[in-house]
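Scroll down for the structure; my scribbles are underneath it.
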Amino acid sequence: PIKAPESVSTIITAESIFYKGVYYQIGDVVSVIDEQDGKTYYAQIRGFIQDQYCEKSAALTWLIPTQASPKDCFDPASYIIGPEEDLPRKMEYLEFVCHAPSEYFKSRSSPFPTVPTRPEKGYIWTHVGPTPAISIKETVTNNL
């Protein structure tokens with residue numbers, strides 16, 4: 001008899017996944033129900049992970065309700081960005097709420113940053129959404 005080789009832990013990251021008939025993308029809003037108090041909490045997906053057994057998980061950033069937040073539904077305009085969770089949560093505990101509304105808590109690695117983090121020479125740079133003229137002047141002046 002020959003021993004089977006030991007399994008090697010492998011983790012695959014992805015920008016989007018398909019789970020139980022729903023297409024999830026980074027930035028989507030999901031809800032989680034707390035087992036202890038039964039309340040619904042909302043979070044935004046930061047990334048996806050799949051392990052060697054094809055179990056899918058998501059890294060979350062919690063969304064904090066404000067006084068303007070309705071109690072019975074999710075209104076993206078009434079929540080603020082909260083803490084990032086260190087450990088990923090299994091997809092089976094998450095329920096899809098909505099795709100990320102336009103310009104809503106954009107990812108730090110977004111292809112269209114609203115403020116450039118460093119000068120980008122040799123590229124034509126643009127963004128989605130309005131930008132104050134003052135910041136454009138400062139950016140151009142600082143890069144020259």
Side-chain angles (χ1 to χ4, degrees), residues 5-144:
E6 287 187 30
S7 64
V8 179
S9 177
T10 57
I11 294 176
I12 300 168
T13 59
E15 298 285 319
S16 61
I17 62 168
F18 196 72
Y19 183 77
K20 291 192 176 180
V22 179
Y23 181 69
Y24 292 88
Q25 297 173 316
I26 290 177
D28 287 353
V29 177
V30 293
S31 65
V32 180
I33 297 176
D34 190 347
E35 288 180 346
Q36 294 176 350
D37 63 11
K39 292 183 181 179
T40 301
Y41 295 93
Y42 297 98
Q44 189 174 26
I45 297 175
R46 276 193 345 256
F48 298 102
I49 298 171
Q50 181 175 319
D51 66 8
Q52 70 266 28
Y53 304 110
C54 295
E55 188 171 86
K56 297 174 182 177
S57 303
L60 303 176
T61 299
W62 293 105
L63 301 176
I64 301 173
T66 61
Q67 290 182 344
S69 299
K71 303 290 183 212
D72 57 342
C73 64
F74 178 77
D75 177 19
S78 67
Y79 281 75
I80 59 172
I81 192 108
E84 293 180 352
E85 195 167 56
D86 294 333
L87 298 174
R89 298 224 177 207
K90 293 181 182 179
M91 291 301 294
E92 63 190 78
Y93 301 119
L94 308 179
E95 185 174 332
F96 179 81
V97 175
C98 66
H99 289 295
S102 178
E103 300 284 323
Y104 185 65
F105 301 134
K106 288 183 9 176
S107 171
R108 290 185 193 98
S109 61
S110 172
F112 304 106
T114 54
V115 178
T117 54
R118 58 180 167 28
E120 297 179 12
K121 298 177 182 172
Y123 297 99
I124 297 173
W125 183 81
T126 188
H127 64 77
V128 176
T131 300
I134 296 170
S135 66
I136 293 174
K137 275 185 185 176
E138 289 172 359
T139 304
V140 171
T141 308
N142 292 341
N143 290 337
L144 294 178

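Checked by atom type and distance alone, the side chain of K56 pairs as donor or acceptor with a backbone atom of F18 at under 3.5 Å. Although no hydrogens or angles enter the test, the distance criterion places a donor-acceptor pair under 3.5 Å between the side chain of R46 and the main chain of L60. A donor-acceptor pair under 3.5 Å is formed between the side chain of T66 and the backbone N or O of S78.
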Take E92 and Y19, measure what side chain to side chain contact (heavy atoms under 4.5 Å, CB included) needs, and give me the verdict at the end. CA-CA 9 Å; E92 63 190 78; Y19 183 77; 3.4 Å; yes
Kindly determine whether W62 and V32 satisfy side chain to side chain contact (heavy atoms under 4.5 Å, CB included), including the steps that lead there. CA-CA 10 Å; W62 293 105; V32 180; 4.0 Å; yes
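For A58 against L94, the heavy-atom pair with the smallest separation is CB-CD1, 3.9 Å. For S31 against T40, the heavy-atom pair with the smallest separation is CB-CG2, 3.6 Å. The shortest heavy-atom contact between G27 and Q44 is O-NE2, 2.8 Å. Of all non-hydrogen atoms in I64 and G82, the two that sit nearest each other are CD1-CA, 3.6 Å. Heavy atoms only, all atoms of each residue included: F48 and Q25 are closest at CE1-C, 3.6 Å. Nearest heavy atoms, Y24 versus E95: OH-C, 4.5 Å.
Other residues, nucleotides and ligands contribute only 12 or fewer heavy atoms inside 6.0 Å of the CD atom of E15.
Distance check: Y41 OH to D34 CG gives 5.5 Å after rounding to the nearest 0.5 Å. Distance check, rounded to the nearest 0.5 Å: CD1 of I17 to CD of Q50 gives 8.0 Å.
With a 4.5 Å cut-off on side-chain heavy atoms, L87 and S57 do not count as touching.
Remark: of the listed residues F96, Y79, F74, F74 is the sole one forming a side-chain contact (heavy atoms from CB on, under 4.5 Å) with V29.
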